[in-house]
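Step one of this worksheet: look at the structure below.
Side-chain atoms are counted along with the backbone in the values below, which use heavy atoms only and exclude waters and symmetry mates.
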Amino acid sequence: MASCPHQSELSKLQQPKISQSVHREECTQCFDNQDGDDGVEVCLVCFNGACLSPDRHHARTHVARSGHTFTLNVKRKPKPKSHHSRGDEEPPAKMTKLAIVQEREEDKYDHHTSLRCWQCDPENGKEIVGDENTTKHLTNGIMQSLSSARQSEVKAWEEEIVACEHTLILEQIASGPIPAEGLAHCASCELTSNLWLCLSCGALGCGRSQYGSLGGNSHALAHFNATRHPVCVKLGTITPEGAADIYCYACNDSRLDPELTTHLAAFGINVMSQRKTEKSMTELQIEQNLTFDFSLTAEDGSALKPVFGPGLTGLSNLGNSCYMASVLQTLFSLTPFQECYYHRPLPDRSQEYVSDKASVHWATCAQLLPADCLECQLMKLADGLLSGRYSIPHMEQPPSDPHAHAAPEHTPWQLGLKPAGFKTLVGKGHAEFATMRQQDAEEFFGHLLTVLRRYNHQARGGAPEEGEPTDIFSFGLEQRLECLGCHRVRYRIDNMDVLSLGVPATGILESKVSADLFKPEYAPVPLELCLDLLLGETGQETLEYQCEAGCGKTQAVRRTQLATFPDVLVIHAKKFQLKNWVPTKLDIPIILPERALVLDGYLGAGLQPDEEELPDEPSSGSVPSLPRFDSEALAQLEGMGFPTVRCQKALFATDNSGAEAAMEWLFDHMEDPDIDAPIQLSASTGRSNAQELPQEQIALLADMGFTHAKARKALLETNGDLERAVEWVFNHLDDTGEDTVSASVPTPAKKHPGSATLPAIYRLKAFISHKGPSVHSGHYVAHIRLPHSTSEDGMDVDTGASENERWVLVNDEKVVLADRTSVEELKKLAYMYVFERIPAA
């Protein structure tokens, strides 16, 4: 190392603030990290992390773009493991609260740091020796701060539980000691575990059955519905320190009761005499996430073979991120996403390949920090998943003690990439995806497409662009409505990305699992039957209808068909029912076509020459009234206990599509602040209205390149929900937002995504499976079809020969070859199917 003439400038630099992310563990533009030979260069001004790779030169590019000329190089090496222990060692300290104990980095690793000046060497940075005190001050600031990766890991297991108004002002209407027999089992059944004590009246009821095999009949919830007593405590989780599981049914969330000791004393329960005998909900959730696993053995019991190389890189689970990993692995197995974010020419087989598009973007990115740029993070993901550079076996460090027993042999899995930065960026501002809770893979898929389209639209300044990768999923769904009075018709086409199919539960059998436990088994259902129930003649619905042509109150028939076909068809298999007030997954097998899925028979014909259209809906001058609701579906939803206004809103939002669709909408919008507000209609649109729209929301949409008129209409159509408004805009690209159009100006025909050409033949490319009893918990994995024959760059090449196909199972960081028998069985129970359209010969 040498001295530097710019040393005096080091004293002007500051340590990172608590709120700042320090990217010391990994490059923000690729997955090179501090464990590599070159380490990570941490900018001493903005704390960006960058690699020294001569091919990607992220550190050099950052210095050139930012003008920040000092970095701290951080390298980490694992310490040799020692299995030696002394017999006189003290036992570990008692744990006073639930925690995932983090091993200190200094106990596991040696860190090596050095300063670099990029003014002295703009190409590679010159290692320098600075003033001892200044160097120590800056180094400690970097190394002692919570790194961006560690912040994400802590959030993955840490849920902030706070008090609510119901626990703070809890009124106890009954008191007096509860006899021991009164706490022995549920007051409404014989369950002796998973018991919840009402802190208002002392009633004891069992909880919901939703955590693996933990039983429950929801009698505590039934008590709340009958009495509106909101707060309860789980027996068996109370500790002498006054901690316990507290749940507020009014908030539908875990809560903190600051006066728990006092509230329990009213029923003669002394917390000092309590001991913890049951797992808390947090412990159960953590246990579920750590132990849930799909079988990694073949049908004959042999272990499935790990595979490595381009396109075979795993993603490490960040806590509850398996839903995201399965979706990302599927997306980047598709050629349009590979070409958009990692297009490697056929002759180039190097793992160090860098695309011209990526190089240009790195040099011109509008964001100072790559961690804040969606395009940078997508290119980083594509490089990580497709290059093969990180798809290598991970071997454990041997123990340093020569007398220690050798570590047992284990399967050399990959370490897996940690897409924490991508998850943070994509989930930013979203009520669910910004959290570390488990989420629905299909909902995340839809959210991700919206985020990508919003970013790309804004980046292009609103101009259309060929090659938008998300366009491959889009298609038109045609709805035909025929009045049975006058036989006039109305056609509507909605742009969709996912075809959601209801799966009927038929032929239910009881299968004995244990002496007292029976698990229902369902008869297999052909995929064609599910398609017929939505798109075929059997899917026609008869609705109560107020005819605009003068027929008055009558009936109408509605039929749904495909207006166009997508290049990639995503099918969402809706297999759940409401059980004990909890949506429960049903394992109904779906039988897929043996060779190909043919959709020709589901293509709609549109308006025919001999058909007469219904007149437009009432004009802006008419006084709006509440729409007519499907009385049967409304009664069914009210019978489940949902308030009438919620049922009406759900049926209105789903166009009277039936109780199942409305129930799904209700579960998705339970937390909407206006869920119980009366329905208000505008005369101009017939939709829920908010005349005084916040101007900042209109401005946000306008900044994305949309007109003010279109932004306003999108917000009106979605009750002011900004995220749904963005989704509405992309589903109505041809809608200008203007309420009226001059009669002298012809209205251009709307162009819908996809193609109506025939034949429409599809082959299964991937499927995402879910394991677990509830749609709100469990674990996701992806199966992806990869032919034996691949291109020279490792990309997927379609040979058209099924015997040449191979399947891989991607289970977080584990990537294994899947045997054909298990694939055939597991795809019957998949949650999402991804089909690629076969080009016409």
Practice item. Would you please name every residue forming a salt bridge (Lys or Arg N to Asp or Glu O under 4.0 Å) with Lys428, sequence neighbours left out? Key: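 Salt bridge (Lys or Arg N to Asp or Glu O under 4.0 Å) list for Lys428, sorted by chain: empty.
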Pairing of [X] and [Y] as salt bridge, 4.0 angstrom limit:
X      : Y      : result
Arg389 : Asp383 : yes
Glu836 : Arg785 : yes
Arg60  : Glu123 : yes
Glu825 : Arg820 : no
Arg76  : Asp35  : yes
Glu41  : Arg116 : yes

Review point. Considering residues at least two apart in sequence or located in another chain, which fulfil the ring-ring contact (aromatic ring centres under 6.0 Å, His included) criterion with Phe337?
Key: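 Scan of Phe337 (ring-ring contact (aromatic ring centres under 6.0 Å, His included), adjacent residues dropped) gives none.
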**Study point:** ring-ring contact (aromatic ring centres under 6.0 Å, His included) involving His361 - partner list, sequence neighbours excluded
**Key:**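 Listed in chain order: nothing, the list is empty.
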Please check this pair: side chain of [X] against backbone of [Y], looking for a donor-acceptor N/O pair closer than 3.5 Å.
X      : Y      : value
Thr28  : Gly49  : yes
Ser321 : Met324 : no
Ser391 : Gly309 : yes
Tyr390 : Asp32  : yes

Point to revise | Atom of Arg24, atom of Val42 and distance for their closest heavy-atom approach | key: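 Looking at all heavy atoms of both residues, the shortest contact is CA-CG2, 3.6 Å.
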Point to revise | Asn495 and Ser474: CA distance, side-chain angles, deciding distance, side chain to side chain donor-acceptor pair (under 3.5 Å) verdict | key: CA-CA 7 Å; Asn495 294 346; Ser474 299; over 6 Å; no
Taking the six-membered ring for Trp and the full ring for Phe, Tyr or His, determine whether the centres of [X] and [Y] are under 6.0 Å apart.
X      : Y      : result
Trp413 : Phe308 : no
Phe473 : Phe445 : yes
Tyr831 : His572 : yes

Check your understanding: Are Tyr341 and Leu381 side-chain neighbours, meaning at least one heavy-atom pair lies under 4.5 Å?
Key ->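 Side-chain contact under 4.5 Å: no.
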Check your understanding: Is the closest side-chain heavy-atom distance between Glu468 and Arg453 below 4.5 Å?
Key ->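 A side-chain contact exists here, since the closest heavy-atom pair is under 4.5 Å.
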Point to revise | Worked check of ring-ring contact (aromatic ring centres under 6.0 Å, His included) between Tyr323 and Phe444 | key: CA-CA 8 Å; Tyr323 68 93; Phe444 176 74; 5.4 Å; yes
Review point. For Glu432 and Gln439, does a side-chain donor sit closer than 3.5 Å to a side-chain acceptor?
Key: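 There is such a pair (donor and acceptor under 3.5 Å, judged by atom type) between the side chains of Glu432 and Gln439.
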Review point. Any side-chain donor paired with an acceptor under 3.5 Å for Asn48 and His68?
Key: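 No, His68 and Asn48 have no side-chain donor paired with an acceptor closer than 3.5 Å.
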